[in-house]
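Just below is one structure, and these are the notes that go with it.
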Number of protein chains: 2
Amino acid sequence: MARTEALSRERIVGAAVELLDTAGENGLTFRALSTHLKTGAGAIYHHVANKDELLVAATDGVLARAMASDEAGGSPEDAIRALALAVFDAIDAHPWIGTQLTRTGSQPAMLRLFERVGGHLRALGVPAGTQFGAASALLLYISGVAAQNAAMARDAEPGLDRRAFLESISTTPDPAAFPFLHAMSTQLRDHDDRTQFLTGIDLILAGVAAA
Amino acid sequence: MARTEALSRERIVGAAVELLDTAGENGLTFRALSTHLKTGAGAIYHHVANKDELLVAATDGVLARAMASDEAGGSPEDAIRALALAVFDAIDAHPWIGTQLTRTGSQPAMLRLFERVGGHLRALGVPAGTQFGAASALLLYISGVAAQNAAMARDAEPGLDRRAFLESISTTPDPAAFPFLHAMSTQLRDHDDRTQFLTGIDLILAGVAAA
DNA sequence: ACCTGAACACCGTTCAAGT
DNA sequence: ACCTGAACACCGTTCAAGT
């Protein structure tokens with residue numbers, strides 16, 4: 001019989017991740033968390049300063065694990081693509097990360113990402129004067145995708161068909177006033193988020209190469 | 001003497017924008033809003049379904065105004081830059097928009113932006129097969145910047161010097177483990193957000209041109 | 001030192017009662 | 001039809017009291 005383990009920062013953060021994954025961003029409350037941990041609400045404050053710190057720790061932990069696998073071999077461009085996809089997949093698995101990533105509290109995670117991207121850009125031979133701009137653009141693009149995906153996971157009413165939803169987006173507005181949107185309706189309906197995400201990364205990399 | 005105007009959706013949304021601008025994202029509560037409008041909290045619900053709808057309406061209104069000025073003349077690329085900067089400046093003036101833009105509720109605003117960007121890409125002669133990817137990338141990049149800027153405005157403790165803050169970011173982590181970050185510290189400290197934002201737009205446009 | 005859980009100061013939202 | 005404002009069902013966080 002597993003005795004109840006002692007409360008610890010690690011166990012709290014782990015339980016928080018579990019709650020966020022299963023119950024969503026609104027599912028993480030100190031009441032739910034303390035019930036889950038079979039303790040009082042106030043006990044948590046002995047190990048974590050407040051909810052923000054808890055969210056930062058949860059985000060940092062998941063993201064650090066996602067970025068851990070370092071593929072040796074392959075071009076620097078491939079390494080950037082693999083890194084970006086690792087972040088994408090982590091957000092896909094834990095959509096709440098997308099919301100957290102665009103908060104100043106998640107600086108540590110963003111700085112690690114910036115560092116890794118920058119290292120690959122250097123290996124790519126990008127001139128010193130362009131490195132900062134290129135790394136920033138890639139990072140901002142990645143956070144944009146993160147935020148959007150988190151929004152979809154958070155706000156989508158359950159049971160909504162993705163295809164039908166995307167189709168309704170492109171067909172609801174007046175086609176005469178939205179000709180471009182209308183022309184893109186098929187692609188919008190059929191597109192794959194992950195592939196599309198990579199297209200943007202490739203465009204930025206192509207722009208960097210052209211400069 | 002201005003008599004107290006009747007309550008209306010317009011007045012409510014206007015007051016909400018004012019509160020968001022002056023008191024920040026947390027400043028908008030139905031209690032503060034009803035005090036501001038000299039009415040009861042429940043009265044607002046006769047004109048707006050809930051807080052989410054109020055935020056969407058506020059975001060949509062401000063952004064529609066920002067995107068209204070259409071510069072004729074100039075290249076399609078310049079038009080895209082002008083459009084992107086208009087959104088950037090609107091977010092700069094009303095940081096809470098950045099948070100709202102990455103919520104599914106703000107679809108109308110995003111669709112308008114998508115349409116406008118797409119129209120310019122067509123005028124630019126971008127081949128049909130590339131248009132969707134290019135428009136998506138630009139939109140995702142813009143929302144990334146939006147989310148980041150909103151985070152900075154929301155989370156930055158007041159009275160914090162921007163330069164000092166940016167410098168601390170690049171110097172706090174171990175330089176040996178973060179060589180790229182360390183090499184970029186000067187640029188990070190001195191960079192201008194608006195210029196940097198435009199650099200990313202230009203990189204994507206260059207990537208589109210190269211394809 | 002750590003835990004408990006009631007209490008505090010807030011929220012968004014509802015609804016009987018008024019005009 | 002619109003407004004009022006107390007009440008409800010929640011939050012995050014604190015803190016006296018326990019072990």
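We name chains A, B, ... by the order of the sequence lines, and we start the count at 1 in each one. Treat the numbers as computed from the prediction; the structure is a model and nothing was measured.
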Would you compute the distance between atom NE2 of A:H182 and atom CD of B:E115 and round it to the nearest 0.5 angstrom?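 A:H182 atom NE2 to B:E115 atom CD measures 10.5 Å (nearest 0.5 Å).
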
If you measure from CD on A:Q131 to CZ on B:F180, what distance do you get to the nearest 0.5 Å?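 Answer rounded to 0.5 Å: 5.0 Å.
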
Take atom [atom1] of [X] and atom [atom2] of [N], then tell me their distance rounded to the nearest Å.
{"X": "A:I44", "N": "C:dA1", "atom1": "CD1", "atom2": "C1'", "value": "17 Å"}
{"X": "B:L33", "N": "C:dC10", "atom1": "CG", "atom2": "P", "value": "18 Å"}
{"X": "A:Y45", "N": "D:dT14", "atom1": "OH", "atom2": "C1'", "value": "9 Å"}
{"X": "A:D52", "N": "D:dC11", "atom1": "CG", "atom2": "P", "value": "17 Å"}
{"X": "B:K51", "N": "D:dC11", "atom1": "NZ", "atom2": "P", "value": "16 Å"}
{"X": "B:H46", "N": "C:dT19", "atom1": "NE2", "atom2": "P", "value": "15 Å"}
{"X": "B:N50", "N": "C:dT13", "atom1": "CG", "atom2": "P", "value": "5 Å"}
{"X": "B:L7", "N": "C:dT19", "atom1": "CG", "atom2": "P", "value": "19 Å"}

Pick base, sugar-phosphate or nothing for B:L54, based on heavy-atom distances below 4.0 Å to the nucleic acid.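 Touches nothing.
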
With heavy atoms under 4.0 Å as the rule, sort B:L28 into base, sugar-phosphate or nothing.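 Sugar-phosphate only.
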
In Watson-Crick or G-U wobble terms, both distances under 3.5 Å, what is the partner of C:dC10?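 Answer to the pairing question: none, since C:dC10 forms no Watson-Crick or G-U pair.
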
If C:dG5 has a Watson-Crick or G-U wobble mate with both distances under 3.5 Å, name it; if not, just say none.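 When the pairing criteria are applied, D:dC15 turns out to be the nucleotide that pairs with C:dG5.
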
Which of these nucleotides, C:dA7, D:dA7, D:dC3, is closest to any side-chain atom of A:R31?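 Among the listed nucleotides, the one closest to the side chain of A:R31 is C:dA7.
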
Quick one: which of D:dG12, D:dC3, C:dT13 gets closest to the side chain of B:F30?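 Nearest to the side-chain atoms of B:F30, counting from C-beta on, is C:dT13.
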
Would you say CG of B:D190 has more than 12 non-hydrogen atoms from neighbouring residues, nucleotides or ligands within 6.0 angstrom?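 Atom CG in B:D190 is packed in, count exceeds 12.
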
Nearest-nucleotide 5' precedence on DNA chain D, A:N26 against A:A49: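 The residue mapped nearer the 5' terminus is A:N26.
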
Here's a test of your reading of the structure: between A:T29 and A:A43, which maps to the more 5' nucleotide of DNA chain D?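 Its nearest nucleotide lies further toward 5', so the answer is A:T29.
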
So, is A:H47 near the phosphate of C:dC2, with a side-chain N or O under 4.0 Å from OP1 or OP2?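 For C:dC2, OP1/OP2 do not have a side-chain N/O of A:H47 under 4.0 Å.
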
Looking at B:Y45 versus B:F30, is the centre-to-centre ring distance below 6.0 Å?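 Ring centres of B:F30 and B:Y45 closer than 6.0 Å.
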
Cationic N near anionic O, under 4.0 Å, B:D52 to B:R103: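 Yes, charged N to carboxylate O under 4.0 Å.
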
